[in-house]
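Predicted model only: the values in this text are computed from it and were never measured. All chains are named by letter (A, B, ...) in the order of the sequence lines, taking the proteins before the strands, and each is independently numbered beginning at 1.
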Amino acid sequence: MNELQFLTWVRGPGLDIAVGIFLLGTVWRLFEIYTLGRRKDLAAPRRAAGASGLHTVFRRSLPPHGMLKRAPVSYIGGYIFHIGLAVIVFLGAPHIMLIANLTGLSWPGLPAQFIGLATVMTMAAMLAMLVDRINKPAKRFLSTFEDWFVWAVTFLPVLTGWLAVQHLLLPYTTMLALHILSVEILLIALPFTKLFHVFTLFGSRWHNGSANARKGVPV
Amino acid sequence: MQGPLIESLARQGVSRRTFLKYCATLASMMALPPAAGLAMAEAMAAARRPSVIWLPFQECTGCTESITRSHSPTLEGMIFDMISLDYQETLMAAAGHQAEEALHAAMKANHGKYLLIVDGSIPLGQDGAYSCIGGRSNLEILKEAAQGAAAIIAVGTCAAYGGIPKARPNPTGAVSVSDIVKDKPIVNIPGCPPVPVVMTGVLAHYLTFGSLPDLDDKGRPRAFFGETIHDRCYRRPFYDQGKFAKTFDDKGARRGWCLFELGCKGPVTHNACATAKWNGGTSWPVESGHGCLGCSEPDFWDAGDFYKALSVPAHPPTSVVAASVVGATAGAAAGFANRAKKNAARKARQPITVADLEK
């Protein structure tokens, strides 16, 4: 298989397999989670007013008092790489092409240099967070295989995409194919790892917020 | 400078100065040092006309057209005067048995020394019956001719990689020259058709240095195939700025913006079109407003839609509906299983009362 055939495979059958597993896993887990249900709370609600669910969705994205100083790498690094990923995925011209092709929706992109800058900042933030995870004994102790694995499958698409655009290490065709392959690995891993927070994050925050309000701790 | 070629060029009105300029350009295109231009001119001018046998197999004659059919006589065409083209079905006056005799005479007289040029793929299906010359299959003729060749030049994507005849489902069982000949040096000059100057560049290199130029991992001369179309494209700045033509007749297309979104395969295609251009440097596909098809890459015909950007799926994902249905079914089944488990746990529950504890 030459590199063009490899690229054609990841754009065709490879993508089919990855999208299939991604959809299967996502639909499965969402169905399972939402059919689990919660036990009926028989106690009278202590306070039901306000929109605690909605507030919690936003509040949990802000560091609690004093935490920014205690864990600056986690918070600042976390902001940079999450926003960076969103900028790369939703404002990079080739990625908008992909979204337009799959959904028909499209919007203007940012210049390649700007996306390049966002990519470098994202990778720097992710590397800083990895070093922090290795260096801090408590974080290292709490880390499981899944944490390291999930970091790698998130980092690889960013790295290979950047290397492909900058024409580094390997010929562009091979690097582009590796980039698409790494995204396919990410797609396959997403429903079955903590990366599933993409779908469950806001729902669980909402649930916690409204449950807390019912118990008398509104936000 | 003296020799058969320079005299023949002079007869056709090409001055020594023009010839030297041409050789200098050729040398610089092949990334050779400046002195190589003069060496090339001297060697080519004085060259003893090497015998060249050109075998056309399963092809469309586009490669021959590319090299010979320019609107005015070109130096590329005239360089052909310096070789002794002993057999070329399309160009030779002889036909039938006479042509076959010429082929065999040239092969015998120059055994081990002649250059073999092949264009077209070789069909292996039906014992090679899909393409025969004089009742003999292409495979048989190639094997025989390759035996006495000093080197083989596979001209065009068909000869180099199988090309369009090899495209799925490959009804004739077409293969490339390098799939059959393993024991001779082979230079691939892919392209559909290939750029003429690449052909003369390789010939000039062979005549000057007596060896074949440096090749990449796909057997192509690095000097011409070392970089991608995209890297040398004059529209590249628009790609970097994120300015793309969305259709072939919109504002972006009229302003000459990047054709990536219209399916240009420039980023994955290695060829010299962007630098050497076509029709005597007049233009080339991207300059004329159409994206690159990737014709100098192996299996370009099966590498997805010509008009789809490289970053989008080759075809709409086929697994979407099936995967969603299976996922929903599995999720629902898991939901029922969880519910059954909860109910069972509830039934099996044995509450402990204060009375139990006081026993």
Side-chain angles (χ1 to χ4, degrees), chain A residues 2-5 7-37 39 91-102 106 108-116 164-165 167 171-174 176-177 179-180 191, chain B residues 161 216-218 227-228 230-231 236-244 246 258 260-261 265-270 294 297-300 302-305 308-339 342 346:
Chain A
N2 64 50
E3 64 260 25
L4 193 62
Q5 286 170 326
L7 178 63
T8 310
W9 188 86
V10 294
R11 286 175 65 207
L15 191 80
D16 277 348
I17 295 167
V19 167
I21 296 174
F22 167 76
L23 274 176
L24 193 152
T26 303
V27 173
W28 174 340
R29 285 202 64 188
L30 284 175
F31 249 84
E32 187 170 355
I33 289 167
Y34 285 102
T35 54
L36 263 183
R39 191 184 293 189
L91 296 173
H95 301 148
I96 298 174
M97 278 298 295
L98 173 67
I99 297 167
N101 186 267
L102 292 176
S106 108
L110 285 175
Q113 288 86 347
F114 193 90
I115 300 296
V165 171
H167 290 232
Y172 178 81
T173 314
T174 314
L176 178 64
H179 173 60
I180 299 174
Chain B
Y161 307 127
D216 71 4
D217 60 338
K218 295 195 181 69
E227 285 178 286
T228 63
H230 186 60
D231 284 346
R236 176 65 187 267
F238 294 117
Y239 174 87
D240 291 332
Q241 290 165 20
K243 290 178 176 166
F244 299 99
K246 309 277 179 192
C258 177
F260 177 85
E261 295 196 1
K265 301 289 177 288
V268 297
T269 306
H270 297 78
E297 294 295 325
D299 301 313
F300 77 101
D302 291 323
D305 197 320
K308 268 192 179 164
L310 276 168
S311 65
V312 309
H315 55 79
T318 50
S319 54
V320 173
V321 178
S324 304
V325 170
V326 174
T329 315
F336 281 118
N338 290 334
R339 186 149 294 184
K342 270 202 290 191
R346 196 174 295 140

* Kindly state each residue pair satisfying side-chain hydrogen bond (donor to acceptor under 3.5 Å, both in side chains) with at least one member in residues 20-30 of chain A, sequence neighbours excluded. =>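 Checked against side-chain hydrogen bond (donor to acceptor under 3.5 Å, both in side chains) - neighbours excluded - the pairs reaching residues 20-30 of chain A are W28(A)-E32(A).
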Any side-chain heavy-atom pair of [X] and [Y] under 4.5 Å:
X: K218(B); Y: E3(A); value: yes
X: L7(A); Y: L310(B); value: yes
X: L4(A); Y: V268(B); value: yes
X: V320(B); Y: L23(A); value: yes

* Considering all heavy atoms, the nearest F31(A)-G331(B) contact ->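 So the two residues come closest at CB-CA, 3.6 Å.
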* What is the minimum heavy-atom distance between P267(B) and Y172(A), and which atoms define it? ->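 So the minimum-distance heavy-atom pair works out to O-CD2, 3.1 Å.
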* To the nearest 0.5 Å, tell me how far F260(B) CZ sits from M97(A) CE. =>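 Reported value, rounded in 0.5 Å steps: 7.0 Å.
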Given heavy-atom pairs under 4.5 angstrom as the criterion, report whether the side chain, backbone, both or neither of [X] touches chain A.
X: D231(B); answer: side chain
X: K342(B); answer: side chain
X: E261(B); answer: both
X: F336(B); answer: neither
X: D240(B); answer: both

I'd like to know if the side chain of [X] reaches the main chain of [Y], judged simply by a donor and an acceptor atom lying under 3.5 Å from each other, with no hydrogens or angles considered.
X: R11(A); Y: S311(B); result: no
X: R339(B); Y: T35(A); result: yes
X: S319(B); Y: D16(A); result: yes

* Asked: Hey, which of I21(A), V19(A), L24(A) has the most heavy atom pairs under 4.5 Å with chain B?
  ->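 Max contact count across the listed options: L24(A).
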Could you check which of [options] has the highest count of heavy-atom pairs closer than 4.5 Å to chain A?
options: A322(B), G294(B), A328(B); answer: A328(B)
options: P317(B), G242(B), G304(B); answer: P317(B)
options: A332(B), P313(B), S324(B); answer: P313(B)

* Just do the side-chain contact (heavy atoms from CB on, under 4.5 Å) check on E297(B) and T173(A) with the steps written out, would you? => CA-CA 11 Å; E297(B) 294 295 325; T173(A) 314; over 6 Å; no
Can you tell me which portion of [X] sits under 4.5 Å from chain B's heavy atoms? Options are side chain, backbone, both or neither.
X: I33(A); answer: neither
X: Q113(A); answer: both
X: H167(A); answer: side chain

